[in-house]
Structures are given as C-alpha cells and as structure tokens.
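Right, one structure below, let's go through it.
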Amino acid sequence: MSPLGGDERAAAEAARGFMPSAEGLALAEAATSVDPAIGPFLEVGSYCGKSACYLGPVAKRHRTLLFCVDHHRGSEENQQGWEWHEPDLVDPEVGKMDTLPTFRKTVHDAGLEGVVTAVVGDSPAIATVWATPLSFLFIDGGHGTEPARMDYEGWAPKVAVGGLFAIHDVFPDPADGGRPPYEQIYQPAMASGLFDEVSATGSLRVLRRR
Ligand code: SAH
Ligand code: MG
C-alpha cells in the first residue's frame, strides 16, 4: 500500500527539487513505521520542499512536526557555474540563491503549513543547540566532504533509540555519484555500531538506531 494518498503523492511529484519518486515513497514508508511518541521528524536540506512533501503528510498523520533545516542559499553544487544551478532561484537584489519563497509556496500548496516547520539557518550551528530527540532524521544537505561530515557529527546523535536515520545520495560505486554522503555519513554510521540498515532504495539508505 502506498504511504501517501493520491493527492499527496501528486503534490510531492509535482514539487521542484531532487527526489526521485521511488525514493520519496520509500522515505514516506519508513517514516510511517516510526513511533512518533519518541520525537518529531527533522530533515537537513529542503531546497524547494520536495522531500518535505513526502515526509510532511506522514508527520501530519502522526500528529507531530517535520522540522526542515536549510539556510536556503543553496549548496556549493547549486551555485552559479556548478552542475545543479537553477538561475531563477537567485534573488537579484541580494545576489544569492533564495529557495525559501518557493519552499513556502510548495508547503502551502501541499496543505502542509502547520506541520512542515522551516528552520532557516546553518545546519551545524543549529545542531549544536538542538536538544529534542528525533524519531526520524533525514540528511540531504551539502554534499561536500566537510558539510557532509559536519551534518553526520551534528545530527546523528539526535536520533532517539528506536528512531530512523535516512541518508540521501549514498553511492557505494563512485561511478554513480559523489563520495561524501557515502564516506562521511553512511559509512561512519554503520561503523559506529549504533545503527542497523533497514532498507535501501536507489541512493536512499534507512538505518535504525539500536
Ligand atoms: N531534499 C531536497 C534537496 C536538498 S538540496 C529535495 O527533496 O529536493 C541540499 C540543500 O541543502 C540546499 O537547499 C542547501 O541550501 C542546503 N544546505 C547546504 N548546506 C547547508 C548548511 N550548512 N546549512 C543549511 N542548509 C544547507
Ligand atoms: Mg539528495
């Protein structure tokens, strides 16, 4: 059975961003299985709100919140001259990327205001002061070596025992994509002895905190 209703799935698939449908549905399915009594959901890296459209409806049914951490200035690979740049997302007055207006519109149109809660700022800085244990953590932020390492170090300890930890863009074979999510997040998580892998869908890995 699909973890999302027809309208929810259509909204997620129509949203702008970087989340293939099969992986988004796997994300939603994993989130459906957690016990929301242990804490809220949090994602690192929201961009225009696509993955939030997969996780948000599940958070809503669980009567919890999905916190979406992003500075909305884009990752290195989203900047002008890089592979994943979208020029219409640059704020011409500021001269920087700004995905927050699109994110807000996406969340509004998906009927997820009140559930999907933007936390606008620098991920490692927010992790430093974040105290609430999480039932579901999804990391899809900066994909450079240092950003990926800092997201792992900052956020992995926030996953409550029994909670799930999902990681995007994990490519064990270098021919398929960049190394940092695999080397700086997935491998250290598995080596820590604190997580068991529960599913793999495309480049998505879902781990459970022991
Ligand atoms: N999950 C999204 C894609 C995220 S793209 C989707 O489904 O489409 C990666 C995002 O990480 C970008 O929006 C970028 O702004 C954000 N990001 C990168 N480094 C960050 C940092 N240090 N703090 C906060 N957000 C960051
Ligand atoms: Mg991604």
Side-chain angles (χ1 to χ4, degrees), residues 4 8-9 11-28 30-31 41-59 66-80 82-86 88-91 94 96-107 110 112 116-130 136-155 165-171 176-182 184-186 200-206:
L4 298 184
E8 293 167 344
R9 180 175 172 168
E13 287 176 352
R16 196 165 168 173
F18 308 108
M19 181 54 61
S21 183
E23 294 169 37
L25 291 171
L27 198 59
F41 295 3
L42 185 143
E43 75 168 11
V44 179
S46 300
Y47 199 62
C48 296
K50 194 175 185 70
S51 46
C53 286
Y54 285 99
L55 285 173
V58 181
L66 168 63
F67 292 98
C68 291
V69 175
D70 200 310
H71 51 38
H72 289 283
R73 294 301 188 198
S75 303
E76 195 178 49
E77 54 274 16
N78 303 126
Q79 305 304 320
Q80 196 179 352
W82 289 71
E83 190 178 359
W84 302 104
H85 182 57
E86 302 190 279
D88 65 306
L89 293 173
V90 173
D91 177 336
V94 174
K96 290 182 180 172
M97 297 258 315
D98 187 0
T99 50
L100 185 56
T102 312
F103 173 88
R104 273 177 76 74
K105 188 169 187 320
T106 302
V107 170
L112 292 170
V116 172
T117 304
V119 180
V120 181
D122 181 52
S123 165
I126 295 163
T128 301
V129 300
W130 187 274
F136 196 91
L137 169 67
F138 174 48
I139 295 189
D140 190 21
H143 286 1
T145 299
E146 211 33 33
R149 191 188 65 76
M150 287 197 293
D151 279 342
Y152 173 70
E153 285 191 358
W155 289 106
F165 177 17
I167 311 161
H168 200 222
D169 302 305
V170 172
F171 298 112
D176 296 330
R179 310 308 295 144
Y182 178 67
Q184 307 297 326
I185 306 177
Y186 174 80
T201 307
S203 73
L204 181 75
R205 296 292 179 280
V206 181

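Atoms considered below: every heavy atom in the structure, side chains included; atoms not considered: hydrogens, waters and symmetry mates. Both ligands and their constituent atoms are indexed starting at 1 by order of listing.
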With a cut-off of 6.0 Å (strictly less than), are more than 12 heavy atoms of other residues, nucleotides or ligands near CD of Gln80?
-> no
Any nitrogen or oxygen of Gly45, main chain or side chain, under 3.5 Å from a nitrogen or oxygen of ligand 1?
-> yes
Quick one: sort the Phe165 and Tyr152 rings into parallel, tilted or perpendicular, breaks at 30° and 60°.
-> parallel
Assess whether side chain to side chain donor-acceptor pair (under 3.5 Å) is satisfied between Glu43 and Tyr54, documenting all intermediate values.
-> CA-CA 11 Å; Glu43 75 168 11; Tyr54 285 99; over 6 Å; no
Do any N or O atoms from the side chain of Arg179 and from the backbone of Phe171 form a donor-acceptor pair under 3.5 angstrom?
-> yes
Which heavy atom of the protein is the closest neighbour of atom 15 (O) of ligand 1, given with residue, atom name and distance?
-> Asp70 OD1, 2.7 Å
By number and element, which atoms of ligand 1 are closer than 4.0 Å to a non-hydrogen atom of Gly17?
-> 8 (O)
Which atom, counting only N, O or S, brings His168 closest to the Mg ion (ligand 2)?
-> ND1
Stepwise, does the side chain to side chain donor-acceptor pair (under 3.5 Å) test hold for Ser123 with Trp155?
-> CA-CA 9 Å; Ser123 165; Trp155 289 106; 3.0 Å; yes
Any N/O/S atom, backbone or side chain, of His143 lying under 2.8 Å from the Mg ion (ligand 2)?
-> no
Any idea which protein heavy atom is nearest atom 22 (N) of ligand 1, and the distance to it?
-> Asp122 OD1, 2.9 Å
Spatial distance of atom OG (Ser46) from atom CG (Leu66) [nearest 0.5 Å] | 7.0 Å
Could you grab the distance from atom OG1 of Thr117 to atom CG of Leu112, nearest 0.5 Å is fine?
-> 10.0 Å
When you measure from the side chain of Arg205 to the backbone N and O of Gly202, does any donor-acceptor pair fall under 3.5 Å?
-> yes
Check: Asn78 N/O within less than 3.5 Å of ligand 1 N/O | no
Nearest-0.5 Å distance, CZ of residue Arg16 to CG of residue Leu89 = 4.0 Å
Contact with ligand 1 for Cys48, non-hydrogen, under 4.0 angstrom = no
Taking atom 18 (C) of ligand 1 as the reference point, the nearest protein heavy atom with its distance | Ser75 OG, 3.2 Å
Give the name of the N/O/S atom in Asp140 that lies closest to the Mg ion (ligand 2).
-> OD1
Under 30°, 30 to 60°, or over 60°: which ring-plane class applies to Phe18 and Trp84, parallel, tilted or perpendicular?
-> perpendicular
Atom 23 (N) of ligand 1: the protein heavy-atom neighbour that sits closest, reported with distance to 0.1 Å = Ser123 N, 2.8 Å
When rounded to the nearest 0.5 angstrom, what is the spacing between CG in Asp140 and SG in Cys68?
-> 11.0 Å
For atom 3 (C) of ligand 1, find the nearest protein heavy atom and state the residue, atom name and distance (0.1 Å precision).
-> Asp140 OD2, 3.4 Å
Close approach, Gly74 and ligand 1, non-hydrogen under 4.0 angstrom = yes
Which protein heavy atom lies closest to atom 17 (N) of ligand 1, and at what distance to 0.1 Å?
-> His71 CE1, 3.7 Å
Nearest to the Mg ion (ligand 2) - the N/O/S atom of Asp169, by atom name = OD2
Of the backbone atoms (N, CA, C, O) and the side-chain heavy atoms from C-beta on, which set of Ser46 has a member under 4.0 Å from an atom of ligand 1: side chain, backbone, both, or neither?
-> backbone
What protein heavy atom sits nearest atom 8 (O) of ligand 1, and how far off is it?
-> Phe18 N, 2.8 Å
Report yes if Lys50 has an N/O atom closer than 3.5 Å to an N/O atom of ligand 1; otherwise report no.
-> no
Does an N or O anywhere in Arg16 fall below 3.5 Å from an N or O of ligand 1?
-> no
Atoms in ligand 1 with a heavy atom of Met19 nearer than 4.0 Å | 7 (O)
Please lay out, stage by stage, how Val69 and Trp130 fare under the test side chain to side chain contact (heavy atoms under 4.5 Å, CB included).
-> CA-CA 11 Å; Val69 175; Trp130 187 274; 5.6 Å; no
